[in-house]
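Only one structure is covered here, and it is reproduced in the block below.
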Amino acid sequence: MKLSQMLFVTLREEPADAEVRSHALMARAGFIQKLAAGIYVYGPMMWRVLRKIENIVREEHDRAGCLELLMPAVQPRELWQESGRWDRYVQDGILFHFADRKGSEVCLGPTHEEVITTFVKRQIQSYKQMPVTFYQIQTKFRDEIRPRFGLMRGREFIMKDAYSFDPSAEAMKASYERMREVYRAIFRRCGLRFTPVEADSGAIGGSGSEEFMVDADTGEDAIAVCRESGYAANVEKAVSQIAPPPPAPEAIAMHKEPTPGAKSCEDLQRLFPDLPLERMLKTVLYKASFTEREEIVAVMARGDREINEVKLLNFLDALNVELADEQTVRQATGAEPGFAGPIGLADHVRLLADASVEGVQGFLCGGNETDTHYLDVWFDRDLPQPPSHDFGLVQDGDLSEDGQGRLSITRGIEVGHIFQLGTKYSEAMSAQFQDEDGKNKAIWMGCYGIGVSRVAASAIEQNHDANGMIWPLPIAPYSVLLVQMKAGNEDQDRVAQELYDQIQEAGVDVLWDDRVKVSPGAKFKDADLIGIPLRIVIGRDAKDRKVEWKPRVGETEVLTVEGALEKLKVALQEQNS
RNA sequence: CGGGGCGUGGCUCAGCUUGGCUAGAGCGCUGCGUUCGGGACGCAGAGGUCGGAGGUUCAAAUCCUCUCGCCCCGACCA
């Protein structure tokens, strides 16, 4: 492709609304253009990137025996009511939905479990027809509460979703394991540095679940990784060993302490400099909502620990948990927020404790009275120890659960997520088959997602410098860029044309910056911005058939035309090996 | 949904507090000339219902009301 024929427009300034590098660079380079919040046009360059990613995704799925199909974006409400997800998704505001001309409600699919389950249940009758896995690459629609970061969190985005169908839990696990390998292969081939982590399965439900995180400081997710043991998990899910509490002090009677204005552990440390943080127990109030009711839950935790709301949510099996508002706190404790404690809570409050409180004695806790705490409190003497469970948020430096090493907290971008769904959808939608024993059983499902457009964004997030993007070769819009310094110069024209023809003949996608009346400086800046990894500069030495090998990163070399072609061949081979 | 902010040529922004003359700058764009290896320079140009509607006023980008859109923080999030 010749750049002069491309309607190639770059911006010198960053768009005002770009917050992360990938967004700013893609917008500057004309790869994407915003149409509305979280909704983008993918320009020709971007579309090439997306198609390259799609092709890798396709090849790896096909290789694993998955079957590609395409499901509708528009889906009827009835289907979603069958699975029981309509109300929840509408209530969360995430669903684009509207009435058709007959007044029937439909939605734009945010995901396709309902459709695939329906499709499959009409076809599968026997265990002999399984295992089978389908996938599609489709535009998904989610009316995100807060779209941001360009393609990273859009309201319309490209996703590959796959669904496996098996006759038993064991078979489902085997399909899941196969897919784990497919995912590893895909992200490796895309040239990304990534970490697979154990994950919470969230609203979609199911048991086993793993997320694929592209390592990037700007990622929205925090992950806990242990180098020594190889453990890696989303912090929502991560577990750790924490240091035991300090030995109990001398037992003296529980008593009140005036603590004016001390609402946090930090404030309290100033008032009680000799009391270790591990002997201050905080009590945090949450409002948990269930289908039919709400519950106020108080959770105790050691002063040096934080509470993991996802673990709490899962333990309670609630639809949602959120911090209680001030009004609720006052009602539950009879005090201003900041003084909640386990003793003297209102009767309707359910008291729980994080495992970090176990063994802590002679501690400080809220007094359920404004400006007051209790000191020298002992479990089993002054109050029964509340039921405890792991509600803790792992912290950087925690010991891994097996004790082999320390956890460090890093950040990542979730580009893939795989789930063992079990029979959640097949039961709700009665997708059954007849097993070998003649009995009708629910199909065991797994589902597997890759954010295709997010993969592209995260590749830039992970690979860029001050001047622009640096694409991994397998997903670059073009593999090679020919930068011709002065289009119209006979020697340069001839050499550039020769290179262009030869590279094309070799089946390599090449872009030729043949623009006239564009200064060398501007060409170099544009080349850096769009980040095509392999570059050959045709300039002043063209008369001697000399060109420059000048990859996006790395050393520049002056070579003959043949030398440059050879160099290119080697670079492309390295990539494929 | 709660809090905050912003809508002015294609892009980034100034002007608005305190209403007043043909609404400005830089980038980009067009033409001519000079340049020509890291976003060149000169000269001459094109391009704006100041997000929209209504109102106040002799007069509105500027003040008021409504409305639409966008951004940030939070909640939320396969």
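Naming convention: chains lettered A, B, ... in sequence-line order (proteins, then strands); numbering from 1 in each chain. Quick note: numbers below take in every heavy atom, side chains included, and nothing from hydrogens, waters or symmetry partners.
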Check: A:N467 side chain, B:rG38 base, donor-acceptor under 3.5 Å: no
Among B:rG37, B:rC70, B:rA75, the nucleotide that comes nearest once only the side chain of A:F524 is considered: B:rG37
Quiz item: A:R153 side-chain donor-acceptor pair to B:rC77 base, under 3.5 Å: yes
Length of the CZ-P vector between A:R28 and B:rC11, whole Å: 16 Å
Close aromatic pair by centroid cut-off 6.0 Å: A:W80 and A:H97: no
Base of B:rG37 paired with side chain of A:K550 (donor-acceptor, under 3.5 Å): no
Flag, side chain of A:R545 to backbone of A:V495, donor-acceptor distance under 3.5 Å: no
Protein-nucleotide distance (A:I530, atom CD1; B:rG38, atom C1'), rounded to Å: 15 Å
A:I536 CD1 to B:rG37 C1', straight-line distance once rounded to whole Å: 17 Å
Inter-nucleotide P distance (B:rA23, B:rU62), Å rounded: 14 Å
A:R515 CZ to B:rG28 P, straight-line distance once rounded to whole Å: 13 Å
Most 5' of A:K140 and A:P15 on RNA chain B, judged by nearest nucleotide: A:P15
B:rG2 pairs with, by Watson-Crick or G-U criteria that keep both distances under 3.5 Å: B:rC73
A:L323 CG - B:rA75 C1' separation (whole Å): 10 Å
